[in-house]
Each structure stands twice: as structure tokens, then as C-alpha cells.
Amino acid sequence: MQQRRLGSSPVSVSEIGLGTWGMSGAFWGAADDTESIRVIHRALELGVTLIDTAEAYGNGHSEEVLGRALAGRRDKAVIATKVAPNHLDPADLLQAFEGSLRRLQTDHVDIYFIHWPHPDYPIGDTMAALEKLRTQGKIRAIGVSNFGVKEIGSASAHGTIDVLQPPYNMLWREIEAEVLPYCRSHNIGIIPYSGLAQGLLTGALSRDTRFAEGDERPTTVLFQPGIYEKAVDAVDALRPIAARYGKSVPQLAIQWLTSRPGVSSPLLGARTVREIEENAGSVGWTIAPEDVAAIDGLTKTVWAEISDKGDMFGYWTRHHRPRQQAR
């Protein structure tokens with residue numbers, strides 16, 4: 001599997017990465033820790049070196065699972081984790097970072113992200129704390145997640161941003177307007193999350209799908225009535241294109257994403273060994289230009305309609321709290 005450099009940092013990552021959000025057991029229903037560890041081990045065997053987590057994923061549970069999985073294998077992985085938006089005060093950030101190190105059972109993190117911007121915390125102070133960790137050799141690259149161009153520019157005035165982590169997939173393309181061109185021109189790597197649109201691009205969902213209790217997807221924009229049905233129809237229309245390459249719809253969606261100019265390594269969730277093996281089948285081939293154009297036509301009815309809906313998950317409006325309530 002190819003390796004790609006992140007911006008001007010010394011970090012190189014595999015062309016697809018493993019996201020562990022679903023391994024937390026907090027968002028898509030219960031997770032099997034034993035199977036999660038098997039998935040991580042199989043990912044490493046397949047050449048997937050980038051593994052992404054966060055302190056907020058199950059209150060650190062995802063980090064704990066990853067730490068157990070990498071015992072004796074730390075040198076095989078590129079670990080990315082994130083500090084929560086209510087921990088951006090320098091003292092809180094350092095405490096949160098040490099907590100992540102304990103859970104991950106490591107002495108350094110390859111990429112440390114600000115998970116979400118928070119207007120109550122001066123970005124200059126936060127970046128100073130991150131740059132200090134870099135100088136100490138405790139992190140190798142600094143990232144921001146869910147930042148827009150203005151926020152990236154503000155952070156960059158106080159340090160070097162190596163990589164951005166935004167939502168991006170065939171059905172959600174907000175970053176193509178400003179963020180993607182900005183990152184390309186400023187040598188900032190892009191590690192997109194939700195490459196399979198929260199499961200929509202797996203092809204496993206239908207108009208009749210019923211979601212389990214605890215599954216938060218029905219609260220997000222792609223799953224709203226009217227939009228969800230269009231998305232399911234678009235995915236069905238992608239099947240013949242995927243079949244021409246002997247691939248599945250998710251493999252087509254992942255290859256489309258890895259081939260986008262400026263994209264370093266999309267993060268892909270996998271809750272079973274079979275899923276990570278299928279994800280690995282998305283690399284090593286290319287989509288013909290005429291099929292890329294066809295994909296744009298088939299999916300435009302979805303991404304054009306939701307382009308003005310705000311953030312993909314509605315996270316900020318549902319979870320943001322003033323600083324004094326956030327700790």
C-alpha cells in the first residue's frame with residue numbers, strides 16, 4: 001500500500017486509514033472489543049498504518065482498545081488522536097494529552113488534532129501548547145478537525161498546521177468550494193472522515209432500513225427525510241459502475257476519495273475483519289475519467305441539496321456548550 005506524506009511534516013501515512021469511532025460503542029450501538037482488536041491487527045497486516053481515534057470516542061474507550069491492540073506493535077502504526085474542544089486551555093490540553101498517552105500505552109502520538117474549534121479559547125494559546133509538545137518530541141504533526149478556512153488561517157498564524165480532518169465523501173462535498181483548494185495551496189494534508197457517508201455508501205442501507213437504539217445517524221443531515229431517500233437511490237445507481245471494475249460500491253467510493261487531488265488518506269471505519277479486508281480492496285486501481293463524471297452526475301442531487309445545511313453531523317448545534325459548562 002502506498003505511503004503519502006502529510007504536508008511538510010515528517011509523517012507518512014498509508015493511502016487509506018482506519019477510523020475507530022465505531023469501536024467506541026457510543027455511537028452506532030455496542031462494539032465487540034475483541035473483534036475490534038482483530039480488525040486493527042488485520043489492518044496492519046494489510047499495510048494500513050494510519051489509525052485514528054480521539055479522547056471523546058466513548059470517553060476514551062476507543063483509545064484504550066487501540067492501546068491494547070498495539071501492544072508489541074506500536075512501531076507498525078501511525079497513531080492519530082484528538083483533544084476535545086472543551087480541553088483547549090493549555091493546562092487542560094496537557095492533562096488530556098497525558099490521559100491519551102496512558103490509554104494508548106505509548107510515549108508519543110504521531111498526529112494530534114484539535115477535534116473541534118471552540119470560540120471561548122484563544123487559538124494562539126492552544127497552538128503554543130501543541131508546538132511545545134512537538135518540540136518535546138511527544139507529537140510529530142499538528143492537525144485540526146472540522147475547521148474552516150478562516151479558522152485554519154487563525155491557527156496557522158501561531159504555528160504550523162500539517163493536516164486537516166474534515167468530513168468528505170461522494171455525497172458530502174462542502175470542502176471542495178474553499179477548504180480543499182486552500183489546503184492544497186498551503187501544503188496541508190487532508191485526512192477525510194466519513195468516507196462512506198456513515199454507512200450510506202456501503203450499499204447496505206435501503207429505504208426500509210430501521211436503525212437500532214443508540215444509533216445517532218438518523219439525527220444527521222444525510223439521514224433526514226427526503227435527503228436519505230435520494231442518497232439511497234444514488235447509491236443504487238452506482239452499482240453498475242462498481243461492477244465494471246469488479247468492485248463493490250464502498251470500494252468504488254473509497255477509490256474515488258483516495259484519488260481526489262489533495263487527499264492524503266481517508267479514514268474508514270471497520271467493525272469486522274471482513275470490512276477492513278474489503279476496504280483494502282479499494283486501492284491499487286483507478287476509476288476512468290468518464291466514470292468519475294458519471295459519479296458526479298448521479299450524486300449531485302444529494303450533495304447540491306445539502307451544501308447549505310451546515311456541518312454534516314449537526315454536532316456543533318447539538319453538543320456545544322459555553323466554557324464554564326463544558327468541563
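Position 1 is the first residue of the sequence; numbering continues from there. Computed from a predicted structure; not experimentally measured.
Contact of the His158 side chain with the Thr126 side chain is not registered, since no non-hydrogen atoms from C-beta on lie closer than 4.5 Å. Looking at Arg260 and Val292, their side chains come closer than 4.5 Å, going by heavy atoms from C-beta outward. Residues Arg217 and Leu200 have side chains not in contact (no heavy-atom distance under 4.5 Å, counting atoms from C-beta outward). Side-chain contact between Ile114 and Ile123 is present, with heavy atoms from C-beta onward closer than 4.5 Å. Using a 4.5 Å heavy-atom cutoff, the side chains of Leu201 and Leu238 are in contact. The shortest distance between side-chain heavy atoms of Thr81 and Tyr112 falls below 4.5 Å. Side-chain contact between Leu50 and Ile111 is present, with heavy atoms from C-beta onward closer than 4.5 Å. A 4.5 Å side-chain heavy-atom check between Leu88 and Val83 finds at least one atom pair inside the cut-off.
No side-chain N or O of Arg103 forms a donor-acceptor pair with one of Thr53 less than 3.5 Å apart. A donor-acceptor pair shorter than 3.5 Å can be found between the side chains of Asp291 and Tyr245.
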Evaluation steps, side-chain contact (heavy atoms from CB on, under 4.5 Å), between Glu305 and Lys230
CA-CA 10 Å; Glu305 179 171 341; Lys230 288 181 180 179; 2.7 Å; yes
Are Asp236 and Arg207 close enough, and set up right, to give a salt bridge (Lys or Arg N to Asp or Glu O under 4.0 Å), and what steps lead you there?
CA-CA 11 Å; Asp236 285 341; Arg207 287 172 173 249; over 6 Å; no
Apply the test side-chain contact (heavy atoms from CB on, under 4.5 Å) to residues Thr301 and Asp233: give CA-CA distance (whole Å), side-chain angles for both, the deciding distance (0.1 Å), then the verdict.
CA-CA 10 Å; Thr301 56; Asp233 291 346; over 6 Å; no
Please assess Arg38 against Thr34 for the test side-chain contact (heavy atoms from CB on, under 4.5 Å), listing each intermediate value before the final yes or no.
CA-CA 6 Å; Arg38 284 196 290 263; Thr34 301; 3.3 Å; yes
Given the rule in the side-chain hydrogen bond (donor to acceptor under 3.5 Å, both in side chains) test, do Thr160 and Arg134 qualify, once you have shown the distances and angles that lead to the verdict?
CA-CA 10 Å; Thr160 300; Arg134 192 206 301 263; 4.8 Å; no
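Taking a cutoff of 4.0 Å between a charged side-chain nitrogen and a carboxylate oxygen, Glu45 and Arg42 qualify as a salt bridge. Using a cutoff of 4.0 Å between basic side-chain nitrogens and carboxylate oxygens, Lys82 and Asp52 are scored as salt-bridged. Ion pairing between Arg74 and Asp110 holds under the 4.0 Å rule for side-chain N and carboxylate O. Salt bridge Glu278/Arg274: present, at least one basic N to carboxylate O contact under 4.0 Å.
Arg140 places a side-chain N or O within 3.5 Å of a backbone atom of Pro10 that can act as its donor or acceptor partner. Glu151 places a side-chain N or O within 3.5 Å of a backbone atom of Gly148 that can act as its donor or acceptor partner. Without hydrogens or angle criteria, Gln224 side chain to Pro218 main chain gives a donor-acceptor distance under 3.5 Å. Counting only distance, with no hydrogens or angles, the side chain of Glu131 and the backbone of Met127 share no donor-acceptor pair below 3.5 Å. One N or O on the side chain of Asp162 and one on the backbone of Ile142 form a donor-acceptor pair closer than 3.5 Å. Remark: the backbone N or O of Leu70 is not paired with any side-chain donor or acceptor of Lys76 at under 3.5 angstrom. Side chain of Glu229 to backbone of Gly226: a donor-acceptor contact under 3.5 angstrom is found. Between the side chain of Ser145 and the main chain of Gln165, a donor-acceptor pair closer than 3.5 Å is present. Within the 3.5 Å criterion, the main-chain N or O of Glu15 finds no donor-acceptor partner in the side chain of Gln2. Between the Ser62 side chain and the Ser24 main chain, no donor and acceptor come within less than 3.5 Å of each other.
Note: His118 and Tyr121 have perpendicular aromatic rings, judged against thresholds of 30 and 60 degrees for the angle between ring planes.
Considering NZ of Lys138 and OG of Ser100, their distance stands at 12.5 Å, rounded to 0.5 Å. Here CZ of Phe211 is found 5.0 Å from CG of Leu205. Values are rounded to the nearest 0.5 Å. How far CG of Asn86 is from CG of Asp92: 8.0 Å, rounded to the nearest 0.5 Å. Going from atom CG of Leu267 over to atom CG of Asn279 covers 11.0 Å, rounded to the nearest 0.5 Å.
The residue from Ile37, Leu104, Thr106, Leu18 that alone fulfils the side chain to side chain contact (heavy atoms under 4.5 Å, CB included) condition with Leu66 is Leu104. A side chain to side chain contact (heavy atoms under 4.5 Å, CB included) with Tyr57 is found for one member of His115, Met23, Glu63 and no other, namely His115.
Shortest non-hydrogen contact noted between Ser265 and Ser14 is OG-O, 2.6 Å. The two atoms that bring Trp303 and Met170 nearest to each other are CD1-O, 3.2 Å, heavy atoms only. The two residues Met1 and Val283 come nearest to each other via the heavy atoms CE-CG2, 4.0 Å. In terms of heavy-atom proximity, Leu164 sits nearest to Cys183 at CD2-SG, 3.8 Å. Between Leu171 and Ala231, the closest heavy-atom pair is CD1-CB, 4.0 Å. Across Gln198 and Ser194, no two heavy atoms sit closer than the pair N-OG, 3.3 Å.
Dense packing is recorded around CD of Glu98, with more than 12 heavy atoms of other residues, nucleotides or ligands lying under 6.0 Å away. The environment of CD in Glu35 is crowded: more than 12 heavy-atom neighbours from other residues, nucleotides or ligands sit within 6.0 Å.
The aromatic ring centres of Tyr168 and Trp256 sit less than 6.0 Å apart.
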